[in-house]
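One structure is given here, and the rest of the page talks about it.
Values reported hereafter were calculated over all heavy atoms of this structure, with side chains retained and with hydrogens, waters and symmetry mates removed. The first residue of the sequence shown is numbered 1, and numbering continues consecutively from there.
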Amino acid sequence: MLDLLLDALLDCLKILPFLFAAYLFMEFLEQKAEGGAGEMTRRAGKLGPFIGGLLGIVPQCGFSSAASNLYAGRVISFGTLLAVYLSTSDEMLPLFLSHGLPLSRILPILFLKAVVAMSAGFLADAILSLKRNRDESFRIEELCEQEQCHCEEDGNILKAAFVHTLKIISFVFVITLILNFLVETVGEETIASFLSDRLILGHLLAALVGLIPNCAASIVISELYLQSLISFGMAMSGLFVSAGVGLLVLFRVNHHRKENLQVVLTLYAVGAAAGILFDLLGIVI
């Protein structure tokens, strides 16, 4: 039990600086939105999927957590959030490096993830741009009301960012602890047996495992791939959707459940489809 507590604590410490930075940025935008800062962010948002796809390949799930907050506040677009989620693989890169996987194999994997993430992000934003009467205004104030942080009372953005971060990190810690216990109880062998030798169904199951909002998902899938227990495409189906605790944070901070469900379904569909396509094309790395 002590190991599970330590693992949950370490997972939270990894994303802590990213969450604080995201909230600090959002508090700054809320105060400056009437000036040029809000408009500059809005314009930069058109390149969001490209930037999100690049940032997402950085190890750990900090960027996905930060992106969840920024999306809930409408600072970034749906496509940008999707790009970050798809390119993020949580613990994949550290595991590959620790196993001595050569850069000649790692870099193509990161490249494929970034390309698919950016393409899906731009396509999603293009489709959504066709919808009329879309609400594109910032929702940062709405987040503050949900968390009852009373940020507007003293205008101290450092204090407001700290309060937001503390509330979210506490929630993430509890849920992560529960998930760690469940994964430890089920075991990697059981998960492997569900994925191996199941063709299309294996990809769908791998993507379901990847949706687990915990670093254990990317660890299990990466280990199975490194041990040649699952195909490259199957591994990618799971790793495309392994956004770490990003989804967990999204459901905590964004109370628009229909939007959250759309994010999850789109992420799952793109990840599973990309993995299936890789195997059908015979792409092996």
* Asked: What residues form a side chain to side chain contact (heavy atoms under 4.5 Å, CB included) with Leu280, not counting sequence neighbours?
  -> Ile276
* Structure fact -> Smallest heavy-atom separation, Tyr268 atom then Val241 atom, equals CA-CG1, 3.9 Å
* Sequence neighbours left out, what passes side chain to side chain contact (heavy atoms under 4.5 Å, CB included) with Phe50? Give chain and number order. => Leu54, Met118, Phe122
* Residues sharing Val115's hydrophobic cluster, by side-chain heavy-atom contacts under 4.5 Å among ILVMFWY, directly or via others? -> Phe111
* **Over all atoms of both residues, closest heavy-atom pair of Leu86 and Lys113** => O-NZ, 2.9 Å
* Go through the structure and list residues passing side chain to side chain donor-acceptor pair (under 3.5 Å) with Asp279, not counting sequence neighbours. => His203, Ser231
* Asked: Going from CD on Glu259 to CG on Leu81, what distance comes out if it is rounded to the nearest 0.5 angstrom?
  -> 10.5 Å
* Ile230 side, atom CD1; Leu205 side, atom CG - distance, nearest 0.5 Å -> 11.0 Å
* Measure across Tyr85 and Gly246 and return the closest heavy-atom pair with its distance rounded to 0.1 Å. => OH-O, 3.2 Å
* Are the side chains of Val264 and Leu250 in touch, meaning some heavy atoms are under 4.5 Å apart? -> no
* Starting from the C-alpha separation in whole Å, work towards a yes-or-no answer on side-chain contact (heavy atoms from CB on, under 4.5 Å) for Val263 and Leu82. => CA-CA 7 Å; Val263 171; Leu82 181 64; 5.7 Å; no
* Ignoring hydrogens and angles, tell me if any N or O in the side chain of Ser64 forms a donor-acceptor pair with the backbone of Ala243 under 3.5 Å. => yes
* Structure fact -> Leu9 meets the side chain to side chain contact (heavy atoms under 4.5 Å, CB included) criterion, sequence neighbours left out, with Leu13, Phe173
* Close side-chain approach of Ile109 and Met92, heavy atoms under 4.5 Å -> yes
* Using a 4.5 Å cut-off on heavy atoms from C-beta on, say whether the side chain of Leu239 contacts that of Ser218. => yes
* Structure fact -> Heavy-atom nearest pair, Asn254 first then Arg257, reads O-NH1, 3.5 Å
* Asked: Is there a path of hydrophobic side-chain contacts, each under 4.5 Å between heavy atoms of I, L, V, M, F, W or Y residues, that connects Ile212 with Leu261?
  -> no
* **Parallel, tilted or perpendicular: rings of Tyr71 and Phe78 (30°, 60°)** => perpendicular
* Asked: Minimum heavy-atom separation for Pro108 to Leu103, with atom names?
  -> CD-O, 3.8 Å
* Ala67 and Val84: which non-hydrogen atoms are nearest, and at how many Å? -> CB-CG1, 4.0 Å
* What pairs with Ser87 under side chain to side chain donor-acceptor pair (under 3.5 Å), at least two apart in sequence or on another chain? -> none
* Mind checking the CG-CG spacing from Leu128 to Leu123? Nearest 0.5 Å is all I need. => 9.5 Å
* Asked: Passes side-chain contact (heavy atoms from CB on, under 4.5 Å), Phe96 versus Leu110? Steps please.
  -> CA-CA 11 Å; Phe96 283 179; Leu110 295 179; over 6 Å; no
